[in-house]
Number of protein chains: 2
Amino acid sequence: MKNNRRTQAPRTQAQRSAATREALLAAARPLFAEHGFGKVSADAIASAAGVTRGAMYHQFDDKTDLFAAVFEQVEAEVVERVGAAVAGSGEADALTLMKRGAAAWLDACGEPAVHRIILVEAPSVLGWERWREVGMKYGLGLVQGMLEHAMDSGAVPKQPVTPLAHVLIGALDEAALYLARTDGSKRARREVDAVVDRLVDSLG
Amino acid sequence: MKNNRRTQAPRTQAQRSAATREALLAAARPLFAEHGFGKVSADAIASAAGVTRGAMYHQFDDKTDLFAAVFEQVEAEVVERVGAAVAGSGEADALTLMKRGAAAWLDACGEPAVHRIILVEAPSVLGWERWREVGMKYGLGLVQGMLEHAMDSGAVPKQPVTPLAHVLIGALDEAALYLARTDGSKRARREVDAVVDRLVDSLG
DNA sequence: TTGTTTTTCATACAGACTGTATGTATGTTG
DNA sequence: CAACATACATACAGTCTGTATGAAAAACAA
């Protein structure tokens, strides 16, 4: 037997890197979500991931860079979930699709990892500009796409999409935070759904 | 002459405290607005204010407490400005008043001190909960009041005010940040105004 | 294989920052 | 003026971030 000294199976560099990156992301995510960026030390993250700060600073430029990676991961997940909810909900007119998307977004934001990281921490840690830049690739892009589709199909009158998308996103973001605060109240959820549905309808 | 040794006129304790508090607030505000809470050291603030960290930690519990004071100051100023704009704009129906309030809010957010401190930093530094708690005393309270008035006067159908107020505030906040980014573009401002006006109209 | 280079990670360290403890000066009160 | 309270400055301890240096592991070459 050639490998009796090593209990660990040999791994490729890419596997090693991927493993520690994932461990760091997985460890950082709940910590950031619960305590916020400023109150989580690099050491706490590395420890939780079972590595040292050395490994972390090798994989990421700095703490902010690690946060950015977590942020993108969460964004990608959410847009995936929302996209799936919209796509898998059968045929419907543009406005109905938007309502379903909004509801899926509110669902996703139930998780603290989502609303705290995406909506509260990220703008301050990365700066609003970079925040929206990334958001454009994900959620904001999705909304803008649906709006354009709605305008093409005539469900919504033609108008500048970007400002409208921003205002809509803002409304949805705040709605999500409001719901996160009421912590699962059925009534609050119904009320918010009603407000959001009326808002979407008003676009037509 | 009894006071020839002292060039400084004697001041009461209250005056001394008030002076250093104001100096600290005035110094901290632009620093927070430009660099964000995390990147401004207590020493930088104290130096800019012409005092030492000792004085600062005597007047405020910690850096967060100082930020909270700045935040409240800015909030109070903004609500004052928006309130004045609405009150001093002559008689009008409820929806028109709301549109004027929204426009005044967008104006106020032109200043970085306003949008950066109130909209970007505060939620992360103070936590969303405390942020909204203070906001309720100021801007959010104003909106809620206007909504209630609009419902009483029949301009808006009766419905739960709190969630609606949150959604509206969210839309206005994001609109303000969007505008802050476009940095004074007349066209962007017109487009946002149009979106916001349509949004308010859709309430009726 | 063996030697060499590159990548991954750990440890040691320097600088910065926060909050506190302690001492001093300045008002306030009896 | 004596006794005290308040306002502030300085010194210090602990924590944190980011970097520099060295070791282990993998990739590569001969």
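Every heavy atom of this structure was used, including side-chain atoms; hydrogens, water molecules and symmetry mates were not. Here the structure is a predicted model, which is why all the values come from computation and not from measurement. Just so it is clear: chains get the letters A, B, ... in the order the sequence lines come, proteins before strands, and each one is counted from 1.
To the nearest angstrom, P of C:dA12 lies 14 Å from CG of A:Asp43. Atoms CZ (A:Arg16) and P (D:dA25) sit 8 Å apart, rounded to a whole Å. Atom P of nucleotide D:dG18 and atom CG of A:Asp65 are separated by 10 Å, given to the nearest angstrom. What separates CG of A:Leu66 from C1' of D:dG18 is a distance of 14 Å, to the nearest Å. When the P atom of C:dC9 is taken as reference, atom CZ of A:Arg21 falls 11 Å away, rounded to whole Å. One can place NZ of A:Lys39 at 14 Å from P of D:dT17, the figure rounded to the nearest angstrom. Between the CD atom of A:Gln15 and the P atom of D:dA25 there is a distance of 16 Å, rounded to whole Å. Taking atom NE2 of residue B:His58 and atom C1' of nucleotide C:dA25, one finds them 13 Å apart after rounding to whole Å.
Under a cut-off of 6.0 angstrom, the local environment of CD in A:Gln159 is crowded, with over 12 non-hydrogen atoms contributed by other residues, nucleotides or ligands.
Salt-bridge formation is not detected for the pair B:Arg181/A:Glu133: no Lys NZ or Arg NE/NH1/NH2 atom is positioned less than 4.0 Å from an Asp or Glu carboxylate oxygen. For A:Arg29 and A:Glu34, the salt-bridge test fails: no basic side-chain N is under 4.0 Å from an acidic carboxylate O. Between A:Asp193 and A:Lys99, no side-chain nitrogen of the basic residue sits less than 4.0 Å from a carboxylate oxygen of the acidic one, so the salt-bridge criterion is not met.
Because its NZ or CZ atom is not both nearer than 6.0 Å to the ring centre of A:Phe37 and within 45° of the ring axis, A:Arg116 does not count as a cation-pi partner of that residue.
Taken residue by residue, residues 45-57 of chain A places heavy atoms nearer than 4.0 Å to DNA chain D at A:Arg53, A:Tyr57.
Residue B:Ala14 is the one, among A:Ala14 and B:Ala14, whose nearest nucleotide of DNA chain D lies closer to the 5' end (criterion: closest heavy atom).
Under 4.0 angstrom from either OP1 or OP2 of C:dC9 there lies at least one side-chain N or O belonging to A:Thr20. Applying the 4.0 Å criterion to OP1 and OP2 of D:dA27, one finds that A:Thr12 has a side-chain N or O inside that range.
Side chain of A:Gln59, nearest nucleotide from C:dT18, D:dA7, C:dT8: C:dT8. With D:dA27, D:dT17, D:dC8 as the candidates, the nucleotide lying closest to the side chain of A:Lys63 is D:dT17.
Using cut-offs of 30° and 60° on the angle between ring planes, the pair A:Phe32 and A:Phe67 is perpendicular.
Qualifying salt bridge (charged side-chain N to carboxylate O under 4.0 Å, His left out) partners for B:Arg16, counting only residues two or more places apart in sequence or in other chains: none.
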